[in-house]
Amino acid sequence: MNEELLNILQTLVTSSSPLVIAALGETITERAGVVNLSLDGSITLAAAVGFIAAVGSGSTLIGILAAMLTGALVALIIVVADIELKQDQVAIGFVLTLLAASLAQFIGQSYTRVRGPELPFVSLTFLKDIPFLGPVFFTDHNPLVYVSFILVFATWWWMFRTRPGLALRAVGERPESAFARGTNVNRLRYIYTLVGGALVGLAGAAYSLSIKPGWTNPPAMRGDGWIALAIVIFGGWHPFRVVLGAYLFAGLRAISSAIQRSPDVQIPLVLINALPWLLMIGTLLLVSSGAIERLLRALPRSAQVWTRNILRSDPPAALGTRFEEH
Amino acid sequence: AQDDGLTFGMILVGPQSDRGWSQAHYEGGQYVEANLPGSQMLVFESLNSADAPETTLLQVVTEMVDQGATLIITSSDAFEEDTDVVAEAFPDVTFINASGDNAFTGEAPANVGNTMGQVEWAKLIAGCAAGLTTETGSIGYLGPLINGETRRLAASAYLGARYCYENYKGGDPAALTFTVTWIGFWFNIPGVTLDPTAEVNTFFDNGADVVMSGIDTPEVMTVAGQRAERGESVYGVAYDYAAGCDVAPGVCLGVPYFNWGPAYLDIATRVNEGTYTPEWTWNGPDWSDMNNPDTSSVGFIAGDGLSEENAASLDEFIAMLATFAEEHPDADGLPTAFGLWEGPLALQDGTVLAAEGEFVKPIEADNPLTIWYLPQLLEGMVGASE
Amino acid sequence: MEIELQHIHKRFGRVHANNDISMKLRGGRIIGVLGENGAGKSTLMKILSGYQPADSGAILIDGREVDYHGPQAAIAVGVGMLQQDPLDVPAFTVVENFLYGQPPAMTRREARAKLAQISREFGFELDPETPSARLSIGQRQQLEIVRLLALGVRTLILDEPTTGISAQQKTILFDALQALSREQGMTVLLVSHKLEDVIALCDEVVVLRAGRLVGDKMMPATKAELVQLMFGQEIAPQERSSGHIGDAVLELDSVTIQDRRVRVESLSMNVRAGEVIGLAGLDGSGQEALMRACVGLINVAGGRVRLNGRDLTRQSYRDRMHAGLAFSAAGRLEEGLVAGLTLTEHMALMDNSRAMIDWPAARQLSGKQIERYNVRGRAEDRIETLSGGNQQRWLMALLPEQPRVMILEQPTRGLDIDSARWVWQLLLDRRAHGTAIIFNSPDLDEIVTYSDRIIVFFAGRFHVIEDASTATVDALGHLIGGNFEEAAR
Amino acid sequence: MTANRTTLRVALLVAPILLSLLITAVLVLAVGKDPIEVMTAILEGAFRNSNAIAGVVNFWIPLTFACLGLVITFTAGLWNIGVEGQMMMGAVFASWAARTIVLPTPLLIPIEIVLAMAGGAFWGVLVGVLRVRLGVNEIFGGVALNALASVIVIYLISGPWQPPEGGSAQSTPPFPAESLLPEMSPEFPVSLLALVLALVIILTVYFALRGTRWGLNLKATGKNPRSALLLGVPTTQTALSAFIVCGAIAGIGGAYRVLFTFDSLRPLPSGGIGFLGLLVVLMVANHPLIAPIVGFVFATILAGSTRLRVVLQLDQSLAEVLQGFVVLLVLMANGLRGRILSSPRSSPEVVQEQPAPTTVTSAAEAASHE
Ligand SMILES: Nc1ncnc2c1ncn2[C@@H]1O[C@H](COP(=O)(O)OP(=O)(O)OP(=O)(O)O)[C@@H](O)[C@H]1O
Ligand SMILES: Nc1ncnc2c1ncn2[C@@H]1O[C@H](COP(=O)(O)OP(=O)(O)OP(=O)(O)O)[C@@H](O)[C@H]1O
Ligand SMILES: [Mg+2]
Ligand SMILES: [Mg+2]
C-alpha cells in the first residue's frame with residue numbers, strides 16, 4: 001500500500017470528523033422532526049466558546065463540555081421557539097445562523113491566534129496494526145475522531161435497534177401515532193434537539209481544539225455547517241449513509257485541491273473554491289426526487305427500481321412541522 | 001484632535017493579533033507611540049471583504065480624520081488603489097501605503113507615500129534553512145495570492161533553498177522539489193481562499209518535510225507542530241512577524257520578518273514636523289545586527305528546529321550575504337542587487353531573466369524583468385505563476 | 001366492563017362540540033354512534049379514548065371515576081380507539097408498529113409471536129416485515145385492532161371504519177367485532193354514516209345533534225327511523241337518476257398509466273355528454289390515477305386523451321381546464337382550497353382574464369355564490385375557518401358553470417347524508433345541462449345510485465359495468481376485492 | 001380587557017428591543033467598555049452631519065432593494081437565501097457595462113441598471129430552476145449560488161478584470177466617471193436616481209401584491225402550491241417569476257454598491273446586505289411598507305458601527321449581534337403574544353402571519369404535481 005495514499009486518507013479521516021459529528025447530530029435532530037438550520041453559526045460559536053473555555057481552564061475537556069453546552073443552548077432556542085412560541089423553525093434557525101456567527105466573532109476578538117490547549121493524538125493498540133484500516137482509521141487521531149466512529153454505530157443502533165429508537169423515529173415520522181402510543185412527542189423533540197445540538201457543538205470543539213486549532217477571524221470552519229446540513233439530506237437521514245457522505249465529500253474536496261497542484265491542469269486558482277459548492281449541489285441533485293425522476297426516465301425499467309432505492313432520500317415525514325396534542 | 005502630538009491611523013487588513021503581517025504593523029505603530037512623544041494611534045483592524053464587507057476605506061478614513069488623524073497608514077497592498085482615491089479627498093492628510101509602489105510609478109497623488117522592507121534577504125536565509133534541513137528533498141511553499149511581490153518572495157526562498165541544498169548539504173539541485181501552492185489571499189477566508197490547514201497537510205502527506213509560509217497567518221507552524229507531536233520529522237518556516245516561531249518552536253527553522261517600527265517612526269516624525277514629502281522607500285536590514293529593533297527593517301530569527309550543524313551553515317550563509325550587500329550598497333535609497341539573484345536565471349516559461357554573470361535589477365521603471373515586478377516564478381520551481 | 005359518561009362538555013372556540021352528554025354503555029354490546037356532520041361524534045369518542053380532554057364532566061369505568069391524560073392512559077384502563085385513518089407509522093414495518101407502544105419488556109420475537117397469534121384468531125393476514133406504508137387501509141385497521149387487543153383493550157371504538165375497505169375486508173372486520181362483543185364481552189362503539197352497516201351490526205344506537213345527545217334506540221330499526229332520529233325529519237331515499245345522454249365528449253384511447261403505486265394498462269372508453277361514470281375500487285387501485293391522467297396531473301405512458309376530438313394528451317393541467325375539463329381532488333385543504341386565503345380571494349383566483357384584480361367585483365360575485373350555494377360563512381372569512389361541509393360547497397361554487405366534463409375525487413367525502421345529497425343535487429343540475437361527470441367514491445352506495453356506467457378497479461386491472469342499474473352494492477363489494485372472474489360468470 | 005391587551009401588545013413590541021439592547025450592553029460591559037459611549041458612537045457615526053446621514057442612506061438604498069425582492073419570494077413561500085448572490089451578480093453585470101460600454105451617463109446608467117437586473121434575475125432563476133424543476137431546496141441552492149457568485153467576483157477581480165499592475169484580489173480598476181451614478185451634492189453624497197428608484201419599487205411591489213393577479217398567484221402558491229395549481233395557478237412559473245423579480249430588484253441593489261459606493265467591483269460587493277434584508281423581512285412579517293422603515297434603523301446601526309471600531313476599538317460584529325438579537329427576540333415576542341392572546345375563550349385565531357411555511361426538505365411539491 002502506497003504510503004502517501006495512506007497519509008492522505010488518514011488526514012482525510014481526521015479532517016472530516018467534525019463534519020461527521022455535526023451531520024450525525026443534525027440527523028438525530030431531524031429524525032425527531034426538528035430542523036436545526038443554525039449549524040453554520042452554532043458550530044462556529046461552539047468552536048469559539050470551546051476554545052475560550054479551554055484557554056481559561058487549561059483543560060480541553062472543559063472546552064469540549066462548554067462547546068457542547070453552547071450547541072445545545074442554540075438548539076434549545078429553536079425548539080422553544082417552535083414548540084412554545086409557534087415560530088417557524090427555519091426562520092429562527094436562519095436568524096441564529098447569523099447571530100451565532102456574529103457572537104462568536106465578538107467574543108473571539110481577544111482570543112484571535114492565542115495559543116491554547118490542543119487535543120492529544122492517540123493511536124489504538126492492536127487496531128492500529130491492521131493493514132490499511134489501522135494506519136487510516138486507528139493511528140494518530142485526536143480522541144474526537146474515535147468518538148465520531150463510536151457515534152456512527154451508536155446512533156444507528158439507537159435508532160434502529162432499540163425501543164426508544166422506535167419512539168424517536170415515530171416522533172419525526174408521524175407524531176400523532178407516537179402520541180397515541182403514550183410518547184410525549186414534544187418532550188422527545190426537546191431531548192433529541194438538545195442532543196443533536198450538543199453534537200453540533202462537539203463538532204465545533206473538534207475544530208477549535210484540534211483540526212483548526214485556536215480562534216481566527218474569519219473563522220476557519222465557516223461554510224461547513226451548510227455542508228453538514230446537505231450531507232444529512234444526501235445521507236437519507238441514515239447514520240451509515242451520512243458518514244459515507246461526509247467522507248465522500250471530504251475526499252472529493254481533497255481531490256479538487258490535488259487537481260490544483262497538478263501542473264497540467266490550467267484551472268484559474270480561485271475557481272477551485274467553487275468546487276465544494278458545486279459538489280454540494282451535485283450531491284443534492286443526486287438524491288432530489290425531481291432529478292431522480294428525470295434520471296430514471298432515461299434508464300431501462302429494470303435499472304429504475306434499484307436506482308430509486310439506492311438514491312431515495314425521504315425526509316422524516318413530519319420534519320419541520322409542529323405537533324399540538326389537542 | 002490634540003494639538004500637542006501626532007494622531008495617526010493604522011488600517012490593518014487582518015486582526016491586530018494575527019501573529020503575522022497585521023500584528024507586525026500594529027506593533028510598528030506601537031513603536032511610534034512609544035518613541036514619538038504625544039503621538040497616538042487609531043487602529044482599524046480586519047478591513048477586508050470577509051470581516052467587514054460593508055465597510056469601505058473611505059468610511060474608515062473619514063472617521064479617523066474626524067478623530068484628528070493627520071497621517072494614515074494603510075498597511076496592505078490590498079489598499080493600494082483605494083488609498084490613492086481616498087487620498088484625493090483628504091489633501092491635507094498624509095497617506096502611507098505599505099508594500100505599494102504607486103509613489104514610485106507616479107500614479108499616486110502628492111500626499112501618498114509608500115514603504116516596504118527588503119524582506120527578500122530574509123527570505124533567502126529562510127530558504128537556505130529549509131534547503132539545509134530537508135531530508136526528502138521536497139519543500140512546500142504556501143503562497144497567498146499571485147502578484148509581483150509574492151512571486152519574488154517565493155523565488156527568493158527558492159534561490160536560498162537551492163543554494164544551500166547544493167553547497168552545504170551536497171544535494172543535487174535538480175532533484176530538489178520546491179512546490180508553491182497559492183491559497184488566493186493573504187489569509188484564510190473560507191469560501192474564498194483554499195484552506196491553508198488542508199494545504200499544509202497535503203504538502204506533508206505528499207512527501208514534503210519542510211513547508212515555508214508565505215501568508216500572513218501561522219497555519220504552517222500549527223500543522224507542523226501537530227505533525228511533530230505525532231512523531232513525524234517535519235519542519236516549518238514562519239513568516240512576517242518576529243515571534244512567528246512561538247506557535248511551534250520545536251519545529252520552527254526560523255522566521256523572516258518585517259520590523260516596521262523604524263520606518264514608521266521616521267515617517268511619523270517627519271510628518272509631525274511637517275517635513276515629510278511623500279516618497280517610495282524600500283528599506284534593507286541592518287547587516288551589523290539584522291534583529292536590532294531600532295535599526296533593521298527586516299530580520300531573520302533562527303528557530304529551535306534548526307540543527308546545530310545547519311545553524312552553523314546558516315550563519316556562514318548570512319555572513320556571505322552580508323558581504324555581498326556591502327559590496328553592492330544601496331544607491332538613492334534603493335537596493336542595487338540582491339544576493340543569489342545572479343544569472344543564469346530564467347523564468348518558468350524559459351524567458352531569460354539574467355544571463356551568466358549578470359544580476360537581476362531590483363526595480364526599474366518600465367522594466368518588468370526586475371525582482372520587484374517578477375512576472376513569473378523561476379525555472380525549477382513547481383507551481384502556478386499566474 | 002361498564003362505561004358511564006356524566007355531563008361531558010367540550011368547546012372549540014364558539015363551537016359547543018359536546019354539550020352536557022351523559023350516557024351509560026354496557027359491555028358485550030355493539031353500539032352505533034350516529035349524527036350529522038359536526039354533531040360531535042368524533043369529539044366525544046376522542047374524549048372517551050383520551051385523545052382530547054373534556055372541558056368538564058366525568059368518565060366512570062365500572063363505577064370508578066377515571067381521569068386520564070392521553071390515549072395510552074385510556075388504553076391502560078381498557079379503552080382503545082381506532083381512528084378513521086389508522087394511527088400507525090408508515091415508515092415502520094408491521095411488527096415495529098405492533099411493538100411500538102407495548103410494554104418495554106416485550107422483545108421483537110415475542111411481538112412477532114403475539115402478532116401472529118392474534119391475527120390468526122380473527123383471520124387477519126399481516127406480514128410482519130412489510131412496511132405499513134404498503135398495506136391497504138383495511139390491513140392497517142387490522143394491524144391497529146391487533147395492537148389494541150394485545151394491549152388488553154376491553155372497549156373498542158371505531159370511527160367510520162368501513163369507508164375504503166373491500167367487502168371481504170368488511171366481512172372480516174364485522175365478524176371480528178361480533179366475536180369480540182359476543183364471545184369476549186367487549187364493548188364496541190361504532191361511529192358511522194353508513195346506516196346499512198349500523199343496521200347490520202349494532203345492538204343499540206345513540207344519536208347526537210349539534211353537540212347534544214338527542215336520542216337512543218335499541219335495534220333493530222329501519223333506515224327511515226334512524227334518519228328521522230338524526231335529522232328530525234325524513235329524507236326521501238335518492239332515486240336512481242338518468243339524464244339525457246349525448247355524444248362522446250371525452251375519449252380515452254388505449255390509455256396506459258403508470259404512477260408510483262399502480263399501472264393501468266390500455267384503457268379505452270368514451271365519456272358522453274350528460275353521462276355519470278362512477279369509479280369503484282380500493283385506495284390506489286387505479287381509479288385516482290385514471291382521473292388524474294385525464295386532467296393531466298399524471299403523464300400517460302401510452303395512448304391518447306381527446307376532448308371533443310381535440311388531442312389533449314400532451315397538454316398541461318391548465319390547458320385542459322381551459323379546454324373544458326374541471327377537476328376537484330379529495331383532500332379539500334390539501335388539494336383544492338388554499339388555507340390562508342379568503343373566500344373572495346379564491347373567487348378572484350378563478351378569474352384569470354385580467355392582470356389587475358377587480359376586488360369589488362370579486363366580492364360581489366362571492367356574495368352571490370355564498371347565497372346560491374348556501375355556504376355558512378362570509379366573503380372575507382378565511383377558508384379554513386369554515387366547516388368541512390361548507391368548504392366542500394365553496395369548492396363546488398368555484399367550479400366553472402358548464403364544463404364539458406367534471407372529474408371529481410370523492411365529491412362527498414366525509415359528508416353526512418343530507419349534505420351529500422345536496423352536493424349531488426348541484427352536480428346533477430349541471431349534468432342536466434350536458435356536463436359529463438366522472439367520480440369515485442369509497443361509498444359503493446353512492447356509486448350505484450348516481451352512475452350510468454361503472455368501472456371497477458383492482459390493482460390496476462379494471463372491469464366495466466355498462467349498465468349501472470344492474471349493479472348492486474354487494475356485487476361491487478366483491479369486485480373491488482378483485483373477484484372479476486367470479487363476477488363475469 | 002382591550003386596554004390590557006393593547007398594553008400587552010405594546011409591551012411585547014418594546015420588550016424585545018430593550019432586551020436586545022440590554023444583552024448588547026452586557027456584552028459591551030464584559031469587554032470593559034461603556035454601553036452609553038457605544039450608543040453615542042453609533043448615533044454620532046450615523047447622524048453627526050449630512051455626510052454621515054448620507055452614509056446611512058447609502059446602506060438603506062441597497063438594503064431596501066434586497067428587502068422588497070425578498071418580500072416577493074417570501075410571499076411565494078420561498079426562502080431566497082440566494083439574494084446575496086443575486087445582488088453580487090447584479091453588481092457583476094453592471095460592472096461589465098461600466099467597464100465596457102462607452103456612452104454618456106444618461107444613456108449608460110439605464111443600460112447598467114437593466115443589465116444588473118438581468119444579472120440578478122439570472123442568478124435568481126438558477127435557484128428557481130434547481131428548486132422547482134430539480135427538487136433542490138432553495139436554501140441550499142441559494143447558499144451554494146451565493147458562494148459561486150462570490151467566487152466569480154473574485155475570479156474577475158484577480159483575473160480578467162484585474163488592475164494593469166497585477167491583482168491584489170481587492171478591486172478592479174475604478175470605473176470611468178461617466179459610468180457612475182452621480183451624487184446629489186458633495187455634502188449629501190447620495191444618488192437621487194437610486195433613491196427615487198427605491199421609492200418607486202416600494203410602491204410597485206406593494207400594489208403588485210395587493211392588486212394584481214400575479215400578486216394573488218404568489219400568495220396562493222406560497223400558502224399551498226398544490227391547491228393553487230389545481231385552482232389554475234401556474235405555480236411553477238409563479239415560483240420562477242418570484243425568483244426572477246426578486247433577483248432583478250436585488251440586482252439593482254448590487255449595481256448601486258459598485259456604481260456608487262465603491263466605483264469598482266469588490267469581493268463580496270453585496271456586503272452581507274442581502275442577509276440583513278432577510279432579517280428585516282422576517283422581523284416585519286413580510287410587510288412591504290414596514291420593511292423599508294425597519295431597514296432604515298438597521299442601516300443606521302450598520303453605518304454607525306464603523307465609528308465603534310475607530311473610536312472604541314469595538315469589533316463591528318457587535319452591531320451584527322445587536323441586530324441579530326433584535327430580530328430573534330421580536331420573533332419570539334410575536335410567539336409569546338400569540339400564546340397569551342389566544343386564550344381558550346377566543347376563537348383559535350391564526351397566529352400572526354409568517355412568511356415561508358416551507359420546510360427545508362420539502363422538495364418542489366409544486367413541481368412534482370405538474
Ligand atoms: N441507507 C443505508 N446506508 C448504508 N447501509 C444501510 C442503509 N440502510 C441499511 N443499511 C445496512 O443494512 C443493515 C440493516 O439496516 P436497518 O437497521 O436500516 O434495516 P432493518 O433493520 O432491516 O430495517 P429497519 O429500518 O426497519 O430497522 C444495516 O446493518 C446497514 O449495514
Ligand atoms: N380541534 C378542533 N378545533 C376546532 N373545532 C373543532 C375541533 N374538532 C372539532 N371541532 C368542531 O367541533 C364540532 C364537532 O366536531 P366532530 O368532529 O366531533 O363532529 P363529527 O360528529 O365527528 O362530524 P363528522 O360526521 O363530520 O365526522 C364541529 O363543529 C367541528 O368543526
Ligand atoms: Mg501600483
Ligand atoms: Mg367525525
Side-chain angles (χ1 to χ4, degrees), chain C residues 10-15 53 55 260 292 295-299 316-322 325-342 344-359 362 381-385 391 394-395 398-400 407 409, chain D residues 74-77 132-133 204 206-238 241 245 285-286 341-358 361-362 365-370:
Chain C
K10 178 77 182 176
R11 286 173 185 274
F12 295 107
R14 283 159 296 176
V15 179
D55 292 345
R260 288 224 175 136
R292 285 173 180 242
V295 294
L297 291 173
I298 307 181
N299 290 325
S316 73
Y317 173 82
R318 298 183 68 230
D319 293 337
R320 296 186 202 209
M321 296 301 112
H322 288 304
L325 295 182
F327 176 73
S328 89
R332 281 186 286 261
L333 281 178
E334 296 83 47
E335 293 182 298
L337 300 170
V338 181
L341 295 194
T342 65
T344 305
E345 283 175 319
H346 278 90
M347 196 52 79
L349 212 45
M350 299 311 295
D351 169 25
N352 48 25
S353 55
R354 271 170 313 197
M356 303 302 291
I357 294 172
D358 184 352
W359 286 114
D381 283 344
R382 292 190 183 187
I383 193 72
E384 71 273 16
T385 62
Q391 287 173 6
W394 197 242
L395 207 49
L398 292 176
L399 288 178
I407 296 174
E409 282 182 1
Chain D
F74 270 131
T75 302
V132 302
R133 293 276 178 220
T204 310
Y206 177 70
F207 285 110
L209 291 182
R210 298 200 74 193
T212 67
R213 165 82 199 176
W214 179 67
L216 191 57
N217 280 355
L218 287 176
K219 193 171 169 188
T221 306
K223 293 198 178 296
N224 185 343
R226 288 195 203 197
S227 288
L229 178 73
L230 295 184
L231 289 174
V233 176
T235 48
T236 308
Q237 287 101 305
T238 304
S241 73
V245 174
N286 215 19
L341 293 189
S342 71
S343 68
R345 290 267 151 207
S346 67
S347 68
E349 98 187 82
V350 183
V351 195
Q352 132 290 335
E353 203 156 323
Q354 242 189 26
T358 51
T361 42
S362 69
E365 317 91 278
S368 61
H369 278 260
E370 217 162 324

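Chain A is the first sequence line, chain B the second, and so forth, proteins listed ahead of strands; every chain is numbered from 1. Any value given below was found using the heavy atoms of this structure, including those in side chains, with hydrogens, waters and symmetry copies removed.
Annotation for D:Ser227 and C:Leu333: closest pair OG-O, 3.9 Å, computed over non-hydrogen atoms. Pairing each heavy atom of D:Leu216 with each of C:Glu345, the nearest pair is CD2-O, 3.6 Å. The shortest non-hydrogen separation linking C:Arg354 to D:Arg213 is O-CB, 3.5 Å.
Proximity to chain D is limited to the side chain of C:His346, based on heavy atoms less than 4.5 angstrom apart. In this structure, the portion of C:Leu337 lying under 4.5 Å from any heavy atom of chain D is its backbone and not its side chain. In this structure, chain D has heavy atoms under 4.5 Å from both the backbone and the side chain of C:Ala348. Using a 4.5 Å cut-off between heavy atoms, C:Asp351 touches chain D through its backbone atoms (N, CA, C, O) alone. C:Met356 touches chain D through backbone and side chain together, each having a heavy atom under 4.5 Å away.
Under the side-chain contact (heavy atoms from CB on, under 4.5 Å) criterion, C:Ser328 pairs with C:Leu395, C:Leu408, not counting sequence neighbours.
Taken from CD in C:Glu384 to NZ in D:Lys223, the straight-line distance is 8.5 Å, to the nearest 0.5 Å.
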Run the side chain to side chain contact (heavy atoms under 4.5 Å, CB included) test on C:Val338 and D:Thr221 for me, step by step, so that the C-alpha distance in whole Å, both residues' side-chain angles and the decisive distance to 0.1 Å come before the verdict.
CA-CA 9 Å; C:Val338 181; D:Thr221 306; over 6 Å; no

For side chain to side chain contact (heavy atoms under 4.5 Å, CB included), just list the numbers for C:Leu297 and D:Leu230, CA-CA rounded to whole Å, side-chain angles, deciding distance to a tenth of an Å, and then say yes or no.
CA-CA 9 Å; C:Leu297 291 173; D:Leu230 295 184; 3.5 Å; yes

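A donor-acceptor distance shorter than 3.5 angstrom exists from the side chain of D:Asn224 to the backbone of C:Glu334, with no hydrogens or angles considered.
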